[in-house]
Novice: 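Sharing a structure below in structure tokens format, with a few things to ask.
Numbering starts at 1 and runs along the sequence shown. Remember, predicted model here, so these are calculated numbers, not experimental data. Start at 1 and go down the list; that is how both ligands and their atoms are numbered.
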Amino acid sequence: MGWKEYVGEILIPEDKLQARIAELGQTISADYEGKDLLLVCVLKGGVMFLTDLMRHITVPHSIDFMAVSSYGVAARESSGVVRILMDLSTNIEGRHVLIVEDIIDTGHTLAYITRLLRARQPASLRICTLLNKAERREVDIPLDYVGFDIPNKFVFGYGLDLDELYRELPFVAVLKPEAIG
Ligand code: IMP
Ligand code: MG
């Protein structure tokens with residue numbers, strides 16, 4: 001029992017993930033030099049990415065969290081229905097906001113979040129996603145920083161869950177086709 005029975009393949013091993021995250025951190029540090037940067041992490045999936053990414057961001061920055069739900073346990077498809085479970089604790093007006101997400105799939109979740117945050121008048125609003133499933137996009141959203149473009153397969157690990165489990169894995173794995181239920 002455990003995660004091994006669900007792994008079809010390791011899509012992105014730990015060393016590749018960490019190398020790319022270090023690069024993203026360097027790029028972001030250069031882009032936000034001298035700016036008041038706030039990283040907004042979308043819970044729960046973005047949490048591993050946030051904590052690793054911020055270790056590579058050398059400009060002063062603060063962090064905040066918001067939680068949304070786009071679909072329930074077991075249904076592995078985004079419904080387009082987004083609910084705010086927890087809002088930010090910071091006023092983002094006039095701040096340079098960078099949203100840190102685990103994965104963009106249909107784009108509905110991010111489209112909703114950006115609309116909501118833009119209305120609060122940040123100085124700038126950009127998106128950094130670790131994974132991008134471009135093939136699945138239903139809503140067009142400009143992505144400023146992308147870790148990896150991935151194929152249209154259900155993935156888990158490194159923050160992403162399989163029915164709320166296995167977020168702790170240090171790599172991104174593809175779910176075995178036989179295990180899709
Ligand atoms: P979107 O609204 O379709 O872009 O869905 C985005 C959200 O769906 C992500 O923040 C994830 O929580 C979840 N999600 C989409 N694809 C996957 C996947 O392959 N594995 C795990 N979660 C996923
Ligand atoms: Mg997410």
Side-chain angles (χ1 to χ4, degrees), residues 2-14 16-17 20-21 24 39-54 63-88 97-119 125-181:
W3 59 268
K4 281 185 185 160
E5 65 184 297
Y6 299 110
V7 172
E9 63 172 307
I10 307 280
L11 186 66
I12 312 170
E14 186 173 4
K16 279 207 183 141
L17 265 180
R20 182 70 186 123
I21 292 167
L24 287 172
L39 302 177
V40 166
C41 173
V42 184
L43 295 173
K44 304 166 198 170
V47 74
M48 294 272 266
F49 181 37
L50 172 81
T51 57
D52 281 340
L53 180 67
M54 62 190 287
I63 61 171
D64 203 351
F65 298 88
M66 71 190 288
V68 298
S69 100
S70 38
Y71 50 75
V73 169
R76 299 200 182 106
E77 297 282 311
S78 186
S79 59
V81 178
V82 181
R83 248 182 346 131
I84 295 269
L85 303 177
M86 189 190 88
D87 204 343
L88 299 174
V97 174
L98 180 61
I99 298 172
V100 177
E101 251 285 34
D102 50 355
I103 187 167
I104 320 272
D105 188 26
T106 63
H108 287 296
T109 308
L110 250 292
Y112 180 86
I113 292 174
T114 49
R115 221 180 308 125
L116 184 88
L117 296 189
R118 211 174 288 287
L125 183 63
R126 287 184 178 177
I127 297 170
C128 176
T129 186
L130 180 65
L131 307 175
N132 179 34
K133 266 191 213 172
E135 219 183 292
R136 292 256 308 161
R137 199 63 34 83
E138 289 172 12
V139 196
D140 187 40
I141 19 175
L143 301 178
D144 303 282
Y145 306 96
V146 175
F148 300 88
D149 287 297
I150 64 163
N152 180 16
K153 290 177 178 167
F154 191 88
V155 293
F156 69 101
Y158 199 74
L160 294 129
D161 69 302
L162 182 58
D163 299 342
E164 288 300 325
L165 295 178
Y166 313 126
R167 296 185 193 273
E168 72 279 14
L169 299 175
F171 49 79
V172 175
V174 173
L175 178 64
K176 238 185 211 168
E178 310 91 89
I180 297 175

Novice: So does Lys176 pair up with Glu9, basic N to acidic O under 4.0 Å?
Specialist: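 Between Glu9 and Lys176 there is no salt bridge, as every charged N stays at least 4.0 Å from the carboxylate O atoms.
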Novice: At a 4.0 Å threshold, what atoms of ligand 1 neighbour a non-hydrogen atom of Glu101?
Specialist: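 The list of qualifying atoms is 10 (O).
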Novice: Touching ligand 1 at all, Asp102? Heavy atoms, strictly under 4.0 Å?
Specialist: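 Distance cut 4.0 Å: Asp102 passes for ligand 1.
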Novice: For the residue pair Tyr158 / Asp52, report whether a side-chain donor-acceptor contact shorter than 3.5 Å exists.
Specialist: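 Distance-only check passes for Asp52 and Tyr158.
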Novice: Could you tell me whether ligand 1 has any atom less than 4.0 Å away from a heavy atom of Gly107?
Specialist: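 Distance cut 4.0 Å: Gly107 passes for ligand 1.
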Novice: Is any side-chain heavy atom of Thr109 closer than 4.5 Å to a side-chain heavy atom of Val68?
Specialist: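 Touching, per the 4.5 Å side-chain cut-off.
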Novice: Decide whether the shortest distance between a heavy atom of Phe154 and an atom of ligand 1 is less than 4.0 Å.
Specialist: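 Phe154 counts as a contact of ligand 1 under the 4.0 Å cut-off.
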Novice: Charged N to carboxylate O under 4.0 angstrom, Lys153 versus Glu135?
Specialist: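 No, no charged N to carboxylate O under 4.0 Å.
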Novice: Could you state the interatomic distance from CD1 (Ile141) to CG (Leu110), rounded to the nearest 0.5 Å?
Specialist: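 Ile141 CD1 to Leu110 CG: 4.5 Å, rounded to 0.5 Å.
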Novice: Could you see which bit of Lys133 sits under 4.0 Å from ligand 1, with heavy atoms only: side chain, backbone, both or neither?
Specialist: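 Just the side chain.
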Novice: If hydrogens are left out, which of Val155, Val139, Leu43, Thr109 has an atom nearest to atom 20 (N) of ligand 1, that is, the closest non-hydrogen atom?
Specialist: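 That would be Val155.
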Novice: Side chains of Thr114 and Leu125: closer than 4.5 Å at any heavy-atom pair?
Specialist: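 In short, these two side chains touch, coming nearer than 4.5 Å.
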Novice: Any N or O on Asp161 sitting closer than 3.5 Å to an N or O of ligand 1?
Specialist: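 No, Asp161 has no N/O under 3.5 Å of an N/O on ligand 1.
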Novice: Which of the numbered atoms in ligand 1 are under 4.0 angstrom from any heavy atom belonging to Leu160?
Specialist: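 Matching atoms, with element in brackets: 20 (N), 21 (C), 22 (N).
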